[in-house]
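Okay, so here's the structure we're looking at.
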Amino acid sequence: MTLTSMCLCLVTRPTTAGAGRDVLLGRKKRGFGAGNVVGLGGHVEPGETPLRAAVRELAEESSLVVAEADLLQAARLVFRFPARPDYDQEVAVFLTDKAEGTVRECDEIAPAWYPVDELPLDAMWDDAKHWLAEVLAGRRVEGEFVFADDNVTVARSDVRTAPVREDVPTAGEVASGG
């Protein structure tokens with residue numbers, strides 16, 4: 001079975017106290033993963049790139065606006081569900097600190113800011129503990145996760161990390177030739 005193409009857009013900002021950073025996550029209200037705290041994102045539509053989908057999904061789920069040029073692809077994750085192969089997906093994870101607007105709740109997700117050093121991992125999908133902090137620390141992540149028959153617990157994972165180099169252009173710089 002083919003992998004469903006998905007995207008996530010992780011927005012960070014300085015904490016209100018000024019020391020450290022927050023990341024925008026959200027409590028999923030319905031659909032796949034309902035009840036979990038998740039990154040904002042979703043399906044890549046036919047004819048759409050993961051980058052474009054990340055911009056669209058962020059706006060739909062939080063009302064925040066970000067330019068494609070301000071997104072950095074920070075991870076490529078593959079999720080396999082042997083008990084439910086129709087859940088299998090490949091996820092492009094983008095990171096930015098340049099989103100604009102006021103965060104608003106939608107019918108699918110209740111977004112909220114979380115301190116990067118206090119991620120709500122116990123309320124998230126089981127895979128998050130293997131990669132999320134790495135991405136937020138500035139590392140590039142390639143990972144594959146195989147879920148157990150319960151479709152909740154990670155049975156196997158293979159995660160590789162590398163530093164994100166300062167000289168690597170953002171997705172927008174690549175698209176514009178900059």
Side-chain angles (χ1 to χ4, degrees), residues 1-13 15-16 20-45 48 50 53-66 71 73-97 99 101-137 141-159:
M1 181 163 265
T2 48
L3 299 171
T4 300
S5 184
M6 306 286 285
C7 66
L8 290 176
C9 188
L10 300 172
V11 178
T12 64
R13 69 174 189 189
T15 62
T16 53
R21 291 183 310 147
D22 290 334
V23 61
L24 186 64
L25 303 171
R27 174 113 16 221
K28 187 84 160 134
K29 293 164 41 174
R30 61 180 175 82
F32 189 66
N36 288 341
V37 173
V38 298
L40 279 58
H43 287 86
V44 176
E45 300 296 336
E48 187 176 46
V55 169
R56 177 183 50 76
E57 288 284 349
L58 180 66
E60 288 174 3
E61 294 185 348
S62 71
S63 295
L64 293 181
V65 176
V66 65
L71 294 177
Q73 186 168 351
R76 179 187 164 276
L77 308 173
V78 173
F79 300 100
R80 298 197 183 275
F81 296 84
R84 288 292 304 266
D86 54 314
Y87 288 0
D88 291 356
Q89 52 192 265
E90 179 178 22
V91 181
V93 180
F94 297 93
L95 187 62
T96 189
D97 62 0
T102 302
V103 174
R104 289 190 176 82
E105 186 171 332
C106 70
D107 61 344
E108 187 176 348
I109 199 160
W113 294 99
Y114 294 87
V116 167
D117 59 356
E118 297 176 29
L119 296 171
L121 295 173
D122 290 342
M124 300 182 78
W125 280 95
D126 193 38
D127 61 89
K129 65 187 174 195
H130 298 279
W131 66 270
L132 183 57
E134 296 288 335
V135 164
L136 294 171
V141 175
E142 296 278 337
E144 183 165 350
F145 303 90
V146 178
F147 281 79
D149 287 345
D150 64 4
N151 295 317
V152 174
T153 309
V154 172
R156 287 191 329 267
S157 65
D158 177 20
V159 178

**Item:** K129 side-chain N/O to M124 backbone N/O, donor-acceptor pair under 3.5 Å
**Value:** no
**Message:** Is the shortest side-chain heavy-atom distance between F145 and W125 below 4.5 Å?
**Reply:** no
**Request:** For the residue pair T4 and H43, establish whether any side-chain heavy-atom pair is separated by less than 4.5 Å.
**Result:** yes
**Message:** If I compare all heavy atoms of L10 with all of L136, which pair ends up nearest, and what's the gap?
**Reply:** CD1-CD2, 4.4 Å
**Request:** Output yes when a side-chain donor or acceptor of N36 lies under 3.5 Å from a complementary backbone atom of V38, and no otherwise.
**Result:** no
**Message:** Can you confirm whether D126 sits close enough to V152 that some side-chain heavy atom of one is under 4.5 Å from a side-chain heavy atom of the other?
**Reply:** no
**Prompt:** Is any side-chain heavy atom of V66 less than 4.5 Å from a side-chain heavy atom of F94?
**Reply:** no
**Request:** Return the orientation label for the F81 and F147 ring planes: parallel under 30°, perpendicular over 60°, tilted otherwise.
**Result:** parallel
**Prompt:** How long is the gap from OH on Y87 to CG on N151, to the nearest 0.5 Å?
**Reply:** 6.0 Å
**Request:** Quick one: pull up CZ in R21 and CZ in R13 and give me the separation to the nearest 0.5 Å.
**Result:** 12.5 Å
**Message:** Quick check: closest heavy atoms across L8 and A54, and the distance to 0.1 Å?
**Reply:** O-CB, 4.4 Å
**Prompt:** Quick one: are W113 and V11 in side-chain contact, heavy atoms under 4.5 Å?
**Reply:** yes
**Item:** Polar side-chain atom of E61 near backbone of G41 as donor-acceptor pair, under 3.5 Å
**Value:** yes
**Item:** Any side-chain heavy-atom pair of P50 and V44 under 4.5 Å
**Value:** yes
**Request:** Please tell me if the side chains of S157 and D127 come closer than 4.5 Å, counting only heavy atoms from C-beta onward.
**Result:** no
**Asked** More than 12 foreign heavy atoms under 6.0 Å from NE2 of H130: is that the case here?
**Response** yes
**Message:** Could you measure the distance from the CD atom of E108 to the CD atom of E60? Nearest 0.5 Å is fine.
**Reply:** 8.5 Å
**Message:** Surrounding CG of D158 (heavy atoms of other residues, nucleotides or ligands, distance under 6.0 Å), is the total greater than 12?
**Reply:** yes
**Request:** Locate the shortest heavy-atom distance separating L3 from F79; write the atom from each residue and the value.
**Result:** CD2-O, 4.4 Å
**Minimal non-hydrogen separation, A75 against V135, with atom names** = CB-CG2, 3.9 Å
**Atom pair SG/CD of C7 and Q73 - distance to nearest 0.5 Å** = 10.5 Å
**Prompt:** At what distance, to the nearest 0.5 angstrom, does OG1 of T102 lie from CG of L64?
**Reply:** 8.0 Å
**Message:** Could you check whether any side-chain heavy atom of V93 comes within less than 4.5 Å of a side-chain heavy atom of V141, counting everything from C-beta outward?
**Reply:** no
**Item:** Atom pair CZ (R156) and OG1 (T153), whose distance is rounded to the nearest 0.5 Å
**Value:** 14.0 Å
**Complete:** Heavy-atom nearest pair, R27 first then G35, reads NH1-O, 2.6 Å
**Prompt:** If you draw a 6.0 Å radius around CG in D150, do more than 12 non-hydrogen atoms from other residues or ligands fall strictly inside?
**Reply:** yes
**Message:** Give me the atom names and distance for the closest heavy-atom approach of E144 to R80.
**Reply:** OE2-NE, 2.8 Å
